[in-house]
Amino acid sequence: MEANIHFPDPSKVREELIQKYPAKVAKKRAKSIIVNDPQLIPEVQANVRTVPGIITQRGCSYAGCKGVVLGPTRDIVNIVHGPIGCSFYAWLTRRNQTRTESLMDANYIPYCFSTDMQEENVVFGGEKKLKVAIQEAYDLFHPKSIAIFSTCPVGLIGDDVHAASKEMREKFGDCNVFGFSCEGYRGVSQSAGHHIANNGVFKHMVGRDNTPSVGKYKLNLLGEYNIGGDAFEIERIFEKCGITLVASFSGNSTVSQIENAHTADLNVILCHRSINYMGDMMETKYGIPWMKVNFVGAESTAKSLRKIAEYFGDEELKARVEEVIAEEAPRVQAVIDEIMPRTKGKTAMLFVGGSRAHHYQDLFAELGMTTVAAGYEFAHRDDYEGRHVLPSIKIDADSKNIEELKVVADPELYNPRKTEAELEALKEKGLEINGYEGMMKQMTKKSLVVDDLSHYESEKLIEIYKPDIFCAGIKEKYVVQKMGIPLKQLHSYDYGGPYTGFEGAVNFYKDIDRMVNNPVWKLIKAPWEKAGNGAGLSASYVTQ
Amino acid sequence: MLLRHTSKEVKEREGLTINPAKTCQPIGAMYAALGIHGCLPHSHGSQGCCSYHRSTLTRHYKEPVMAATSSFTEGASVFGGQANLLAAIETIFSVYEPDIIAVHSTCLSETIGDDLQQITRKAKDDGKVPEGKYVIFASTPSFIGSHVTGYANMVTGIATQFAVSTGVKKNQHNIIAGWMEPSDMREIKRLSKELGVKIVLFPDTSDVLDAPQTGKHVFYPKGGTTVAELQSAGDSLSSLALGSISAEPAAIALEKSCKVPFETLDIPIGLTATDRFIMALSKVAGVAVPDEITAERGRLVDVMADMEQYLYGKRVALFGDPDQLIPLTEFLLDLNMKPVHIVSGTPGQRFEKQMRQLLDARSPETNFRNGLQADMFLLHQWMKNEPVDLLIGNTYGKYMARDEDVPFIRFGFPILDRIGHSYFPNVGYSGSLRLLEKILNAIMDRQDRDALEEKFELVM
Ligand code: SF4
Ligand code: SF4
């Protein structure tokens with residue numbers, strides 16, 4: 001499909017983006033800047049090192065491990081082993097909401113724990129201090145679990161967080177202590193940390209509690225972190241449909257949910273990038289298939305619910321899902337009808353994360369807006385081109401040192417939830433099991449796909465395309481807005497949300513309408529600045 | 001209860017810091033470097049640190065915060081970061097075209113043992129630094145000090161690597177800004193101008209981190225101390241260092257390298273600290289204090305006198321950074337209020353001694369602790385044991401304030417949930433008046449909220 005929007009010649013744009021770079025840098029960046037063709041799906045260079053000196057959106061492995069995956073589980077005491085900063089910056093800044101049942105329930109999310117490593121710990125080793133810290137956390141809080149996160153210096157000075165964790169776990173007996181080697185220099189972005197987190201959660205948490213979960217349609221929600229209350233909305237919809245959520249990885253979750261997750265019958269994955277490893281490992285060990293879903297966008301939510309109903313293959317559930325959709329749809333449509341005339345034909349750019357730059361395109365489409373350029377911050381080729389490219393991805397030096405767990409079927413607990421034949425039948429019905437199509441298939445021809453967009457490239461893109469809205473993160477927010485273009489943060493939602501499900505779609509439509517049509521963008525020039533050259537400026541403000 | 005696991009019983013800790021009242025050195029270095037015109041801060045380490053520091057500064061200022069990183073991967077961590085830094089310098093000068101790159105280290109590069117002096121020299125020798133451009137550096141490992149000392153290290157780096165003494169003195173004075181907001185720096189400049197003293201203020205983040213909306217993103221905004229000004233700092237008649245922890249090290253270095261004598265003062269927050277600042281400035285420059293400043297002072301004292309009943313004996317808990325806490329505590333004492341708990345994560349005996357001196361003289365029973373495990377968790381426990389009427393500190397304080405139902409004033413770094421600090425100063429007489437207004441509003445709003453119907457006052 002080719003959009004009605006006038007695209008600048010994309011290959012020219014591409015040239016312009018890399019023009020200023022030193023030759024070697026230009027050559028490298030060129031491979032990450034691709035003109036899309038949804039039929040052919042060209043190769044995108046992704047998950048490679050950022051060129052030193054380039055102003056990048058990316059963060060580190062620790063951020064992906066502690067910040068993204070482990071952070072949202074409320075009853076783990078997360079101790080960051082390292083100097084103070086790493087723990088400080090990850091303190092409450094990701095907006096993982098959580099709701100305990102009572103005031104008695106554990107919730108450590110508002111707390112920040114650190115070993116506050118000092119020079120002598122770097123010189124003589126920090127393991128002793130770490131163990132003291134674990135003991136103190138245990139004595140103060142008696143948590144179910146304590147997780148240890150390694151920051152950059154830890155790996156270099158040779159502290160063994162796993163040995164320390166094991167020692168303390170055995171000492172306590174009633175507290176599960178485990179560690180993560182998620183030093184910031186591992187891998188090339190947050191992505192490495194996701195993988196490390198998946199491994200650790202799988203090894204140390206999943207499968208510890210074999211109590212059968214109750215419910216007719218039992219699933220786990222993977223890759224949903226309850227930013228701005230996203231999980232609450234999904235939980236509401238599941239409940240309405242009669243779907244049992246056994247565990248969430250990891251928005252609004254608890255330790256015991258995750259320990260019991262292997263008793264569910266389906267894993268649905270939202271953010272493929274951050275959690276696909278967990279889906280694969282649980283499939284291999286326990287026989288639980290996974291399915292990519294998307295609860296961002298009203299239509300996508302409806303589609304995902306239908307997919308879940310189809311998977312369970314139960315007429316009652318299918319009927320209930322249709323009822324729920326029919327119940328929710330009118331209020332969504334009412335808002336679209338109201339807003340669409342003001343948003344239709346506008347353009348958006350999305351450069352963020354490892355799945356949101358894809359998912360949020362659905363919401364913009366629902367508003368009649370076109371995504372002219374998009375890219376991820378830390379995704380891999382499969383998130384762009386689809387999972388079928390996995391075998392052809394070269395494992396480079398940076399990915400090689402991230403552990404691939406050897407997982408085998410559990411002799412007792414492996415229980416394939418669907419037979420081969422059943423899976424085949426589902427596939428025939430268009431249900432992609434254990435698969436993901438990627439972002440590019442959904443994007444228009446000639447739109448631009450850029451991986452690990454640099455600051456410089458973003459300014460150029462904005463100059464050339466003048467989009468009506470730009471989506472990225474906090475570091476980009478005010479740069480773009482200084483250019484007179486609203487920026488929607490898709491990590492923190494600008495402190496709004498939820499944006500999932502039906503309620504979330506409505507919230508998002510309203511927020512986008514408010515942003516792109518805000519009168520402030522027309523007030524930037526002072527009347528006396530306009531007087532000389534009125535061209536292109538709002539006539540309503542010109543003094544008579 | 002948000003902090004439901006915080007118990008009343010205080011147990012000494014040795015390994016675990018909970019809810020720190022400090023953060024790490026590099027963010028301070030990054031902030032200081034932004035106060036130099038045409039300067040791009042550069043974080044020598046892996047990407048995460050840079051990303052976190054930029055994000056935190058951006059949330060605090062709601063402004064673009066540009067900085068680059070050496071993007072270490074595992075290889076660099078093993079073999080050293082020299083190649084990364086050299087490549088970064090080359091890329092930065094060709095793509096982002098700064099006049100200056102200000103490199104600071106991180107835990108990672110420090111643990112590896114990268115020598116920034118040697119690497120930046122090599123960059124120059126290899127011709128990677130274009131004519132008329134500069135690469136400066138500061139060592140900021142986060143396993144030492146705090147964000148405040150990181151700031152001090154970069155300011156020292158700026159002073160020693162730019163200032164030259166030509167042998168001909170200039171009729172000007174340096175003011176070395178301790179960690180303060182762009183609004184505060186602007187106010188320092190205004191006051192100096194009122195006094196008729198020519199100053200070189202550095203660093204200076206005004207017109208950088210409070211830039212106007214113009215429809216254009218200016219990569220290097222118009223503010224910041226210029227290279228020419230910084231170079232001339234070596235010929236200044238004297239330096240005033242505002243803050244013994246965040247500014248004095250630069251003044252000492254400048255005295256050593258260029259023989260510029262210095263005096264250290266508190267950041268002029270509150271009446272008496274501002275008095276000392278004005279006196280010192282008028283003395284070094286040999287100028288009389290103009291009537292307008294005396295009038296500004298008078299307005300502050302007037303409000304202090306008129307509203308004293310609402311302030312007397314009010315118990316305050318505060319946390320934050322040394323150079324701000326000392327004058328703030330003094331101001332609270334001048335207001336006849338009672339600072340009961342004070343906590344700062346920034347270590348250092350100098351700070352401890354200064355604060356103790358102030359407290360011993362005027363409020364010996366105050367709980368005060370700084371350094372390791374002097375964190376917000378401890379402060380909160382203290383508050384549970386001896387409740388207060390007001391809490392002053394950075395945004396993280398709002399969790400304690402809500403749980404304990406205590407009025408709260410945002411002050412310090414970072415402030416992530418309100419605006420104002422970039423635009424309205426806390427320094428000088430008028431800045432202090434604004435601070436006093438905030439204190440009064442917090443206390444009086446609470447009185448209004450809690451008053452019995454029959455006790456609800458119209459006139460206060
Ligand atoms: S690794 Fe060090 S410099 Fe980086 S954020 Fe952590 S404490 Fe700060
Ligand atoms: S949704 Fe985006 S920000 Fe969240 S984990 Fe996935 S990739 Fe990261």
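Just so we're on the same page: letters track the sequence lines, and every chain starts at 1.
- Contacts of B:Ser51 with chain A are made by both backbone and side-chain atoms, with heavy-atom separations under 4.5 Å.
- For the options A:Asn121, A:Val25, A:Val123, A:Asp398, heavy-atom pairs under 4.5 Å to chain B are most numerous at A:Asp398.
- Atom CD of A:Glu463 is surrounded by more than 12 heavy atoms from other residues, nucleotides or ligands within 6.0 Å.
- Comparing B:Pro212, B:Pro347, B:Gly145 by how many heavy-atom pairs each has under 4.5 Å with chain A, the most go to B:Pro212.
- Of residues 16-25 of chain B, those residues with a non-hydrogen atom less than 4.5 Å from any non-hydrogen atom of chain A are, in numerical order, B:Leu16, B:Thr17, B:Ile18, B:Asn19, B:Pro20, B:Lys22, B:Thr23, B:Cys24.
- Shortest non-hydrogen contact noted between B:Ile144 and A:Glu119 is CD1-OE1, 3.4 Å.
- Distance check: A:Glu459 CD to B:Phe219 CZ gives 7.0 Å after rounding to the nearest 0.5 Å.
- Comparing A:Lys477, A:Glu476, A:Gln118 by heavy-atom pairs within less than 4.5 Å of chain B, the highest count is held by A:Gln118.
- Per-residue heavy-atom pair counts under 4.5 Å with chain A were compared for B:Leu416, B:Leu85, B:Leu108, and the maximum is reached by B:Leu108.
- Taking chain A as the reference chain and counting heavy-atom pairs below 4.5 Å, the highest number among B:Val95, B:Ile89, B:Leu86 is found for B:Val95.
- Interface summary for chain A: among B:Met1, B:Arg54, B:His53, B:His42, the most heavy-atom pairs under 4.5 angstrom belong to B:Arg54.
- For the side chain to side chain donor-acceptor pair (under 3.5 Å) test, residues two or more places apart in sequence or in another chain that qualify with A:Tyr138 are A:Asp174.
- Note: B:Leu3 CG to A:Asn107 CG = 9.5 Å, rounded to the nearest 0.5 Å.
- Side-chain contact between A:Phe88 and B:His147 is absent, with no heavy-atom pair separated by less than 4.5 Å.
- Of all residues spanning residues 55-67 of chain B, those with a heavy atom less than 4.5 Å away from chain A's heavy atoms are B:Ser55, B:Thr56, B:Thr58, B:Arg59, B:Lys62, B:Glu63, B:Pro64, B:Met66, B:Ala67, arranged by number.
- By the 4.5 Å heavy-atom criterion applied to side chains, B:His5 and A:Leu140 are not counted as neighbours.
- Nearest heavy-atom pair, A:Ile54 versus B:Thr69, reported as atom, atom and distance to 0.1 Å: O-CG2, 4.4 Å.
- Between B:Glu90 and A:Lys24 there is no salt bridge, since no side-chain N of the basic residue sits under 4.0 Å from a carboxylate O of the acidic one.
- For the set A:Pro83, A:Ser61, A:Gly155, A:Gly82, the entry with the most heavy-atom pairs within less than 4.5 Å of chain B is A:Pro83.
- Within the 4.5 angstrom heavy-atom criterion, atoms from both the backbone and the side chain of A:Thr93 approach chain B.
- With a 4.5 angstrom heavy-atom cutoff, A:Ile462 does not touch chain B via any of its atoms.
- Heavy-atom distances place both the backbone and the side chain of B:Thr6 under 4.5 Å from chain A.
- Here A:Ile55 contributes atom CD1 and B:Thr91 contributes atom OG1; the two are 11.0 Å apart, rounded to the nearest 0.5 Å.
- Comparing A:Gln190, A:Glu120, A:Arg186 by heavy-atom pairs within less than 4.5 Å of chain B, the highest count is held by A:Arg186.
- Relative ring orientation between A:Tyr62 and B:Tyr52 is described as perpendicular, the plane-to-plane angle rising above 60° on a 0-90° scale split at 30° and 60°.
- Around CD of B:Glu14, the count of heavy atoms belonging to other residues, nucleotides or ligands within 6.0 Å does not exceed 12.
- Two residues are said to be in side-chain contact when any heavy atoms from C-beta on lie closer than 4.5 Å; A:Asp105 and B:Arg4 meet this criterion.
- Within 6.0 Å of CG in B:Leu2 there are more than 12 heavy atoms belonging to other residues, nucleotides or ligands.
- For chain B, no part of A:Ala397 is nearby; none of its heavy atoms comes within less than 4.5 Å.
- The shortest distance between side-chain heavy atoms of A:Trp521 and B:Gln213 falls below 4.5 Å.
- The structure places OH of B:Tyr96 at 9.0 Å from NZ of A:Lys20, a figure rounded to the nearest 0.5 Å.
- Residue A:Pro153 comes nearest to B:Cys107 through the heavy atom pair CG-CB, 3.5 Å, listed as atom of the first residue, atom of the second, then distance.
- At most 12 heavy atoms of other shown residues, nucleotides or ligands fall within 6.0 angstrom of atom NZ in B:Lys122.
- Ring geometry for B:Tyr396 versus A:Trp91: interplanar angle under 30°, hence parallel rather than tilted (30 to 60°).
- Ring pair B:His217/A:Tyr478: centre-to-centre distance not below 6.0 Å.
- How far CD of B:Gln47 is from OG1 of A:Thr50: 4.0 Å, rounded to the nearest 0.5 Å.
- With chain A as partner, the option from B:Ser70, B:Ser77, B:Ala68, B:Ala87 having the largest number of non-hydrogen pairs under 4.5 angstrom is B:Ser77.
- Distance CD/B:Glu74 to NZ/A:Lys400: 12.0 Å, rounded to 0.5 Å.
- At a 4.5 Å heavy-atom cutoff, the contact between B:Pro414 and chain A is made by side-chain atoms alone.
- For the salt bridge (charged side-chain N to carboxylate O under 4.0 Å, His left out) condition, the pairs that include at least one residue of residues 127-136 of chain A, sequence neighbours left out, are A:Lys131-A:Glu167.
- Side-chain contact between B:Ser71 and A:Arg49 is absent, with no heavy-atom pair separated by less than 4.5 Å.
- Of the listed residues (A:Phe113, A:Tyr21, A:Tyr89, A:Tyr108), the one with the most heavy-atom contacts under 4.5 Å to chain B is A:Tyr89.
- Only the side chain of B:Leu40 comes within contact range of chain A, with at least one heavy atom under 4.5 Å from a heavy atom of that chain.
- Contacts between A:Phe141 and chain B at a heavy-atom distance below 4.5 Å involve the side chain alone, from C-beta outward.
- Ranked by heavy-atom pairs shorter than 4.5 Å toward chain B, the options A:Val132, A:Asp116, A:Asp139 are led by A:Asp116.
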